[in-house]
Q: 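Take this structure, written in structure tokens, and hold onto it; I'll ask about it next.
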Amino acid sequence: MLTACIIVRNESSVLVRCLRSLAGLADKLCIVDSGSTDNTVEIAKSFDAEVLVDPSLADAKGRMLDFSAARNAALRMANTDWVISIDADEVLHVEDHEALRLLLGEPTLQALEVRIHSGFSRWFLPRIFRLQPWTAYNERVHEWVEVRGRVHRTDDVSITNRPEKTGKESAPRRDLRLCAQTLREAPNNLRAVFYMGRALRMLGRHRAAVHFYEIYLREARFDPGRHAAAIGAAISCLLSTNYEGAREFGLRAHRILPEMAEACCIVGDAVLAMGQIELAREWFERARSKVIPGLDYPFFVDQSSYIEYPQERLNMIDSLTTVVAIDRFGQSGADL
């Protein structure tokens with residue numbers, strides 16, 4: 001059997017969509033509510049969910065204090081072999097429910113990494129996992145679950161993020177608040193450093209964002225993370241019209257993972273903004289020649305960087321004699 005574990009607060013506008021997507025897969029729904037003031041709890045109960053309401057999980061403004069604490073509370077409610085962790089503003093898609101259940105019946109399997117979609121970006125996470133004595137979430141925000149043993153990665157199960165933040169704390173402000181708290185307690189937490197940089201970039205504080213990205217690049221040894229940090233720094237430079245900085249960070253990202261297209265697009269945009277049209281053409285053609293990573297690369301991928309965006313830029317270069325670089329990264333780069 002499989003339990004869906006969800007943490008919520010004022011999710012009445014999206015919860016029905018999420019719960020309907022779980023139909024036919026989840027045998028049980030366990031929902032932890034941190035103090036909704038709308039009819040979220042009533043909606044959950046209408047789907048026969050087991051609901052725990054615990055306002056102590058949020059501060060006086062209704063903001064989550066620790067996402068791992070809330071998720072672990074939901075895990076404690078589950079009493080099935082398997083759990084799927086999903087958010088209220090996400091939607092599940094399964095190609096073949098019966099095939100998935102057969103897969104979860106394999107005795108050595110401990111977790112299933114599924115495809116996550118948000119905007120142009122995709123990555124893989126172990127959102128379906130076997131409950132074990134050690135199963136628990138870690139970190140205050142951008143939390144991760146401990147998995148030991150065999151993990152299978154699949155394209156046949158996907159979760160799409162369709163956020164609705166009206167009247168709520170934005171994701172960047174949430175990350176800024178919780179990552180700052182984490183770094184006060186653990187200044188060397190590189191995961192918090194990375195997400196601090198991303199939050200600052202998304203809030204338009206680009207100089208500060210580059211500072212945190214540079215710390216991550218200097219201290220981290222994880223190439224996919226360093227690639228994402230270099231891309232994030234390049235985007236901040238591009239958005240603050242520091243085109244030389246964008247070019248330099250883009251080239252740095254390209255050196256880290258030359259098989260990826262994102263850096264090629266960044267460098268193309270930077271040199272295009274500096275008036276180097278033919279050089280920009282070369283970089284966009286290089287991006288278009290890259291192959292979108294498959295299952296062997298589970299980290300952040302901006303899929304638009306491989307065909308759609310470089311082709312748009314090449315078309316524009318072909319049709320114009322003078323081209324000014326446009327801001328592409330207000331949304332499409334949000335999850336990098």
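Only this structure's heavy atoms are used, side chains among them; waters, hydrogens and symmetry mates stay out.
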Q: Run Glu164 and Thr166 through side-chain hydrogen bond (donor to acceptor under 3.5 Å, both in side chains) and show every step you take.
A: CA-CA 6 Å; Glu164 171 50 64; Thr166 303; 2.2 Å; yes
Q: I need the Met316 CE to Glu312 CD distance, nearest 0.5 Å.
A: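 Result: 8.5 Å between the selected atoms.
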Q: Any side-chain heavy-atom pair from Trp82 and Thr3 closer than 4.5 angstrom?
A: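 Not touching, per the 4.5 Å side-chain cut-off.
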Q: Would a distance-only check, ignoring hydrogens and angles, find a side-chain to backbone donor-acceptor pair under 3.5 Å from Asn10 to Asp38?
A: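 Yes, because the side chain of Asn10 sits within donor-acceptor range (under 3.5 Å) of the backbone of Asp38.
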Q: Minimum heavy-atom separation for Cys5 to Val83, with atom names?
A: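 Scanning both residues, the minimum pair turns out to be SG-CG1, 3.8 Å.
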Q: Say you draw a straight line from CZ of Phe67 to CG of Asp87; how long is it, rounded to the nearest 0.5 Å?
A: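 If we round to the nearest 0.5 Å, Phe67:CZ and Asp87:CG are 8.0 Å apart.
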Q: When you look at Val114 and Phe124, which way does the side chain to side chain contact (heavy atoms under 4.5 Å, CB included) test go after all the steps?
A: CA-CA 5 Å; Val114 307; Phe124 290 84; 5.7 Å; no
Q: Side-chain atoms of residues 217-224: list all donor-acceptor pairs with protein atoms under 3.5 Å, sequence neighbours left out, distances to 0.1 Å.
A:
residue, atom, partner, partner atom, Å
Arg221, NH1, Arg218, O, 3.3
Arg221, NH1, Glu219, O, 3.3
Asp223, OD1, Arg226, NH1, 3.3

Q: Looking at Glu143 and Arg71, is any side-chain nitrogen of the basic one under 4.0 Å from a carboxylate oxygen of the acidic one?
A: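 Salt bridge: yes.
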Q: Calculate, to the nearest 0.5 Å, the distance between atoms CD1 and CG belonging to Ile6 and Asp33 respectively.
A: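 With rounding to 0.5 Å, CD1 (Ile6) is 11.5 Å from CG (Asp33).
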Q: Determine the minimum heavy-atom distance between Ser305 and Ala261, stating which atoms define it.
A: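 In this case the closest contact between Ser305 and Ala261 is O-CB, 3.4 Å.
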Q: Report yes if some heavy atom in the side chain of Ile266 is under 4.5 Å from a heavy atom in the side chain of Ile235; otherwise report no.
A: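 Contact flag for Ile266/Ile235 side chains = yes.
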Q: Tell me, yes or no, whether the heavy-atom count around Arg205 atom CZ, taken from other residues, nucleotides or ligands under 6.0 Å, exceeds 12.
A: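 Counting neighbours around CZ of Arg205, 12 or fewer heavy atoms of other residues, nucleotides or ligands fall under 6.0 Å, so no.
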Q: Considering non-hydrogen atoms only, spot the tightest contact between Phe284 and Cys265 and give its length.
A: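 Looking at all heavy atoms of both residues, the closest pair is CE2-O, 3.6 Å.
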Q: Can you tell if the side chain of Phe249 reaches within under 4.5 Å of the side chain of Ile231, non-hydrogen atoms only?
A: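 Sidechains of Ile231 and Phe249: no contact.
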Q: Answer yes or no: is there a side-chain heavy-atom contact under 4.5 Å between His227 and His254?
A: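 They are not in contact (no side-chain heavy atoms under 4.5 Å apart), so the answer is no.
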Q: Check whether any side-chain heavy atom of Leu2 lies under 4.5 Å from a side-chain heavy atom of Asp81, and answer yes or no.
A: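 The answer is no; the side chains never approach within 4.5 Å.
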Q: Looking only at non-hydrogen atoms, find the nearest pair between Lys165 and Ala171 and report the distance.
A: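 Heavy atoms of Lys165 and Ala171 come nearest at CE-N, 4.2 Å.
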Q: Hey, does Arg177 have a side-chain heavy atom less than 4.5 Å from the side chain of Gln181?
A: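 No; the side chains remain at least 4.5 Å from each other.
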Q: Side chains of Ser36 and Arg9: is there a donor and an acceptor less than 3.5 Å apart?
A: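 Arg9 and Ser36 do not have a side-chain donor-acceptor pair below 3.5 Å.
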Q: Please evaluate residues Arg173 and Leu203 with respect to the criterion side chain to side chain contact (heavy atoms under 4.5 Å, CB included), reporting the C-alpha separation (whole Å), side-chain torsions for both, the decisive distance (0.1 Å), and the verdict.
A: CA-CA 8 Å; Arg173 292 194 180 282; Leu203 291 169; 3.8 Å; yes
Q: Can we say Arg247 and Glu244 salt-bridge, meaning some charged N sits less than 4.0 Å from an Asp/Glu carboxylate O?
A: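 Result for this pair is yes, salt bridge flagged.
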Q: Please find the pair of heavy atoms, one from Val193 and one from Pro187, that lie closest to each other, and give the distance.
A: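 Looking at all heavy atoms of both residues, the closest pair is CG2-O, 4.4 Å.
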Q: To the nearest 0.5 angstrom, please state how far the OH atom of Tyr306 sits from the CZ atom of Arg288.
A: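 Interatomic distance, Tyr306 OH to Arg288 CZ, rounded to 0.5 Å: 15.5 Å.
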Q: Of all heavy-atom pairs between Ser56 and Leu65, which one has the smallest distance, and what is that distance?
A: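 Looking at all heavy atoms of both residues, the closest pair is O-CD1, 3.5 Å.
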Q: Quick check on the hydrophobic clustering: are Val91 and Val94 connected, directly or via other members, by side-chain heavy-atom contacts under 4.5 Å?
A: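 The answer is no; the residues belong to distinct hydrophobic clusters.
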Q: Is there a side-chain contact between Lys28 and Glu50 in this structure, where contact means two heavy atoms from C-beta onward sitting under 4.5 Å apart?
A: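 Yes, side chains in contact.
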Q: Can a donor-acceptor pair be found between the side chains of Thr40 and Ser12 at a distance below 3.5 Å?
A: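 Side-chain D/A pair, Thr40 to Ser12: absent.
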Q: Counting neighbours of CZ on Arg148 that are heavy atoms of other residues, nucleotides or ligands and sit closer than 6.0 Å, is the number greater than 12?
A: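 For Arg148, atom CZ is crowded (more than 12 foreign heavy atoms under 6.0 Å).
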Q: Which of these, Asp59, Val141, Leu57, sits in a side-chain contact (heavy atoms from CB on, under 4.5 Å) with Met64?
A: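 When Asp59, Val141, Leu57 are each tested with Met64, the side-chain contact (heavy atoms from CB on, under 4.5 Å) holds only for Leu57.
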Q: Can a salt bridge be assigned to the pair Glu106 and Arg150 using a cut-off of 4.0 Å between side-chain N and carboxylate O?
A: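 Yes.
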Q: Do Asp302 and Ser304 have side-chain N/O donor and acceptor atoms under 3.5 Å apart?
A: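 Yes.
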Q: Is it the case that atom CD1 in Ile307 sees more than 12 heavy atoms from other parts of the structure closer than 6.0 Å?
A: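 Not buried by this count: 12 neighbours or fewer within 6.0 Å.
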Q: Between Trp283 and Met274, is there a shared hydrophobic cluster once you connect ILVMFWY residues whose side-chain heavy atoms come closer than 4.5 Å?
A: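 Same hydrophobic cluster.
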Q: Can Lys61 and Glu169 be counted as an ion pair, charged N to O under 4.0 angstrom?
A: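 No, Lys61 and Glu169 are not salt-bridged.
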Q: Roughly how far apart are Thr135 OG1 and Phe129 CZ, rounded to 0.5 Å?
A: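 So the gap between those two atoms works out to 6.5 Å.
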Q: For the atom pair CG (Asn189) and CZ (Arg140), what is the distance rounded to the nearest 0.5 Å?
A: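 Rounded to the nearest 0.5 Å, the CG-CZ separation comes to 9.5 Å.
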Q: Would you call Asp269-Arg313 a salt bridge at under 4.0 Å N-O?
A: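 Judged by the 4.0 Å cut-off on N to carboxylate O distance, Asp269 and Arg313 do form a salt bridge.
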Q: Is it true that Glu42 and Lys45 make a salt bridge, defined as a side-chain N closer than 4.0 Å to a carboxylate O?
A: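 No, Glu42 and Lys45 are not salt-bridged.
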Q: So, the side chain of Arg17 versus the backbone of Arg162: is there a donor-acceptor pair under 3.5 Å, distance only?
A: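 Checked: pair present.
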Q: If we ignore angles and hydrogens, is there a donor and acceptor under 3.5 Å between the side chains of His117 and Thr160?
A: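 Result is no, nothing qualifies.
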Q: Show your reasoning for whether side-chain hydrogen bond (donor to acceptor under 3.5 Å, both in side chains) applies to Tyr213 and Arg198.
A: CA-CA 8 Å; Tyr213 282 133; Arg198 195 186 76 160; over 6 Å; no
Q: State whether Asp318 and Arg281 are salt-bridged, where the test is any N-O pair (Lys NZ or Arg NE/NH1/NH2 against Asp/Glu carboxylate O) under 4.0 Å.
A: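 The answer is yes: the pair qualifies as a salt bridge.
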Q: Kindly determine whether His142 and Arg191 satisfy side chain to side chain contact (heavy atoms under 4.5 Å, CB included), including the steps that lead there.
A: CA-CA 9 Å; His142 292 288; Arg191 187 179 179 87; 4.1 Å; yes
Q: For side chain to side chain contact (heavy atoms under 4.5 Å, CB included), just list the numbers for Val271 and Tyr243, CA-CA rounded to whole Å, side-chain angles, deciding distance to a tenth of an Å, and then say yes or no.
A: CA-CA 7 Å; Val271 298; Tyr243 301 127; over 6 Å; no
Q: Would the Phe299 and Trp123 ring centres measure less than 6.0 Å apart?
A: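 So the answer is no for these two rings.
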Q: Is a donor from one side chain sitting under 3.5 angstrom from an acceptor on the other, for Tyr137 and Glu146?
A: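 Judged by distance alone, the side chains do not pair up.
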Q: What's the verdict on salt bridge (charged side-chain N to carboxylate O under 4.0 Å, His left out) for Arg101 and Asp27, showing C-alpha distance, side-chain angles and the deciding distance?
A: CA-CA 12 Å; Arg101 288 202 176 270; Asp27 303 291; 3.4 Å; yes
Q: Would Phe300 end up clustered with Trp144 when hydrophobic side chains under 4.5 Å apart are linked, directly or stepwise?
A: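 Result: no, two separate clusters.
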Q: Within a strict 4.5 Å, meaning less than it, do heavy atoms of the Tyr297 and Met260 side chains meet?
A: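 Tyr297 reaches Met260 side chain to side chain.
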Q: Verify salt bridge (charged side-chain N to carboxylate O under 4.0 Å, His left out) between Asp89 and Lys168, making sure each step is shown before the conclusion.
A: CA-CA 13 Å; Asp89 60 1; Lys168 301 178 185 177; over 6 Å; no
